[in-house]
Structures are given as C-alpha cells and as structure tokens.
Amino acid sequence: MFITFEGIEGTGKTTQIKKLTAFLEEIGHIVEVTLEPGGSRIGKELRKILLNMDSTDITGQCELFLYLADRAQHVGQVIKPAVDAGKIIISDRFADSTIVYQGYGRGLDPKLLRELNDVAVSGNWPDLTILLDIEPEIGLKRAMTRNLQENKMQAEGRFEAESLEFHTRVREGYLTWAALNNDRIVVVNADQTPDEIFEEIKAKVVERIKGDYVTNG
Ligand code: TMP
C-alpha cells in the first residue's frame, strides 16, 4: 500500500508520519518512509538544486522537469519495489505537490501536469493521500522557525521564501485538487494538537486498510 502526505510548509507532516509509522508497525505492518524531492540517490542531488536559495535562475519549466525526474526515479527505485514487497510505503509529498505548487502556485496548467505526472508515476498513484490543511500564516511561521533552528534556511529555504500570496494560492489549490479527487485525498485540519490530528489520520488509514483487505482478500 502506498500512502502520501501533502500540505503547505509547516503543517506537521513529519510528526504525523512518525506517529503513523509507529502505529502501523505496532499492528504488524512493514513500513518504509520516504520523501520528495530526494527519495533516491539521484533525487538527493536534484533536491539540492531544487531547494537551495541560490537557484534563483531556475526557470519554471526546468523546476517542473526536475521534480518529475526525481519522481520517476523515486517510483522505479523505491516506491514500486516496496509496494511489490507488500510493505506500506509512506511518502512525505508526491505527485500532488507538482500539480499544486507548479500548477495552482506557479500558474502551469493542472491538467497538463496531471498528464506529465502520469508518465512519471507510471501507474503508481497513491492508494490514500492525507492533506494536512492549515492557514498559510501559521504554517509559514512554523516552517521558518524550524529552518532557522536547524540552520537550513540557505540549503532548503527557497519555497519558504516565497510570498504569502504564493502560499495562499498553494493552500487553496490543494483544497480544490482534493475536492476533485475526494476518492483518494482526505483533508485533515492541521490546526489542532498533534494527537488530535493523528486520531483523524489513524481512522482514515485503518478504514483504507480494511477496504484493501476486502478488495484483495
Ligand atoms: P519540504 O521537503 O520542506 O516539504 O520541501 C519541498 C519543497 O518543494 C516544498 O516547498 C514544496 C516543493 N515541491 C514542489 O514545488 N513540487 C513538487 O513536486 C514537490 C515534490 C515539492
């Protein structure tokens, strides 16, 4: 099974992925956690280019194709093998990030991005996507504090440095995209305590796992 987490910066994806991993392992699943960009060896190199503050000269198209290249390698080398081995693989961001950041955020056509993503994922769309939703003002403040504390502003801060309008477009884009794909994407209010957020996520994941057993025996 393949589960992805999405959301703007500072929604607490990392904390929730840790909680979900611990819970799933406790009930006997083998879990692998990964991320985009940077879930493969080649992807780690692409991540440096994509997130470094110095990449100010990157064109929108170049950015798009680097995310897609990262994804194609990630799916082939990490995600598909894990799913084939019967594991639950959880990715911090995946194809929806491209549709929302490069599409709703940067202004590229979401429909075209969906088609390009189809090439990159070659059939491996997630079974379930958890969208953590929060006001951009709150999320950005959290993300900036984290980057400063971990001294990551220069190496990882290119998107956090975008305007509040950009992040507001991204947040609204996520909600629009989630409504169009409500069979796969569930929206969880991330402006709650970590435990409250996790209770909602756990219920959705358990429901999805049960459905999977009914379908696949
Ligand atoms: P993160 O690791 O802190 O989530 O940072 C990844 C950044 O890259 C985040 O700001 C969103 C952005 N991004 C895109 O713009 N498009 C994509 O396809 C992906 C995977 C991430």
Side-chain angles (χ1 to χ4, degrees), residues 2-18 33-40 42-53 55-56 58-75 78-79 89-110 112-121 124-126 129-134 136 139-174 177 185 190:
F2 179 27
I3 301 174
T4 60
F5 276 72
E6 294 283 351
I8 61 164
E9 343 295 311
T11 49
K13 293 193 298 303
T14 313
T15 306
Q16 294 303 325
I17 289 172
K18 277 192 193 138
V33 176
T34 184
L35 84 170
E36 285 197 1
S40 64
I42 289 173
K44 285 192 179 72
E45 296 302 314
L46 299 176
R47 181 178 177 99
K48 287 185 202 155
I49 302 171
L50 281 164
L51 301 190
N52 197 291
M53 290 279 252
S55 298
T56 46
I58 195 166
T59 68
Q61 276 78 0
C62 178
E63 181 183 274
L64 167 66
F65 282 105
L66 291 185
Y67 277 117
L68 293 170
D70 171 67
R71 184 157 307 128
Q73 183 71 14
H74 190 206
V75 167
V78 179
I79 294 170
I89 180 147
I90 305 176
S91 187
D92 183 342
R93 298 195 180 281
F94 191 63
D96 299 311
S97 280
T98 301
I99 291 167
V100 173
Y101 279 80
Q102 279 64 53
Y104 295 100
R106 299 254 192 256
L108 300 177
D109 175 14
L112 171 67
L113 297 180
R114 159 82 213 206
E115 286 164 13
L116 292 172
N117 260 326
D118 276 334
V119 179
V121 313
N124 297 279
W125 281 91
T129 296
I130 310 285
L131 169 59
L132 295 178
D133 177 57
I134 204 161
L140 271 184
K141 213 164 147 188
R142 283 196 203 160
M144 295 277 199
T145 311
R146 180 200 56 211
N147 279 352
L148 285 172
Q149 277 167 356
E150 296 175 10
N151 203 13
K152 279 187 179 166
M153 207 59 197
Q154 172 66 27
E156 299 254 322
R158 195 166 66 88
F159 279 84
E160 282 83 346
E162 288 281 349
S163 65
L164 187 60
E165 289 79 67
F166 175 80
H167 291 282
T168 303
R169 279 202 303 280
V170 169
R171 193 252 186 136
E172 282 165 8
Y174 263 129
W177 185 242
I185 307 180

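Read the numbers this way: they start at 1 and go in the same order the structure lists the ligands and their atoms. For reference, positions follow the sequence shown, starting with 1.
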Check: Is the shortest distance from a Lys or Arg side-chain nitrogen in R146 or E156 to a carboxylate oxygen in the other one below 4.0 Å?
Finding: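 No, no charged N to carboxylate O under 4.0 Å.
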Item checked: Presence of salt bridge, E63 and R158, under 4.0 angstrom ->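 Judged by the 4.0 Å cut-off on N to carboxylate O distance, R158 and E63 do form a salt bridge.
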Item checked: Per-atom contacts, ligand 1 versus S97 - under 4.0 Å to a heavy atom ->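 Every atom of ligand 1 under 4.0 Å from some heavy atom of S97: 16 (N), 17 (C), 18 (O), 19 (C), 20 (C), 21 (C).
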Check: Who's the nearest protein heavy-atom neighbour of atom 1 (P) of ligand 1, and how far?
Finding: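 Protein heavy atom at minimum distance: R93 NE, 3.9 Å.
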Check: What protein heavy atom sits nearest atom 15 (O) of ligand 1, and how far off is it?
Finding: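 Nearest neighbour among protein heavy atoms for atom 15 (O) of ligand 1, to 0.1 Å: Q102 NE2, 2.9 Å.
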Can you find an N or O of [X] that's nearer than 3.5 Å to an N or O of ligand 1?
X	value
E36	no
R146	no
E156	no
T98	yes

Notebook entry, point to check: Counting heavy atoms only, which part of L51 comes closer than 4.0 Å to ligand 1: side chain, backbone, both or neither?
Noted result: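 It is the side chain that touches ligand 1; the backbone stays farther off.
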Note to self: Taking 4.0 Å as the limit for heavy-atom contacts, which would you say applies to R47 with ligand 1: side chain only, backbone only, both, or neither?
What the structure shows: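 Only the side chain of R47 comes within reach of ligand 1.
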Margin query: Taking V121's backbone N and O only, do any of them form a donor-acceptor pair with N124's side chain (distance below 3.5 Å, no angle check)?
Written below: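 Side chain of N124 to backbone of V121: a pair is present.
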Checklist line | Option nearest atom 21 (C) of ligand 1 (shortest heavy-atom distance, choices Y67, F166, F5) | finding: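 It is Y67 whose heavy atom sits nearest to atom 21 (C) of ligand 1.
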Check: Heavy atoms only: which of E9, E6, E162, R106 is nearest to atom 9 (C) of ligand 1?
Finding: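 Heavy atom nearest to atom 9 (C) of ligand 1 belongs to E9.
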Item checked: Separation of Q16 CD from D92 CG (nearest 0.5 Å) ->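 Output value for this atom pair is 11.5 Å.
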Check: Between T4 and S91, is any side-chain donor less than 3.5 angstrom from a side-chain acceptor?
Finding: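 There is no such pair between these side chains.
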Note to self: For Q102 and Y67, which I'm curious about, is there any donor-acceptor pair between the side chains at under 3.5 Å?
What the structure shows: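 There is no such pair between these side chains.
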Item checked: Within-shell test, R71 vs ligand 1, heavy atom, strictly < 4.0 Å ->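 R71 counts as a contact of ligand 1 under the 4.0 Å cut-off.
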Next item on the list: Report the residues that fulfil salt bridge (charged side-chain N to carboxylate O under 4.0 Å, His left out) with D109, sequence neighbours left out, ordered by chain and then residue number.
Entry: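 Residues passing salt bridge (charged side-chain N to carboxylate O under 4.0 Å, His left out) with D109: none at all.
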Note to self: Does the plane of the ring in F166 sit parallel, tilted or perpendicular to the ring in F159? Use 30° and 60° as the thresholds.
What the structure shows: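 Taking F159 first and then F166, their aromatic rings sit tilted (interplane angle of 30° to 60°).
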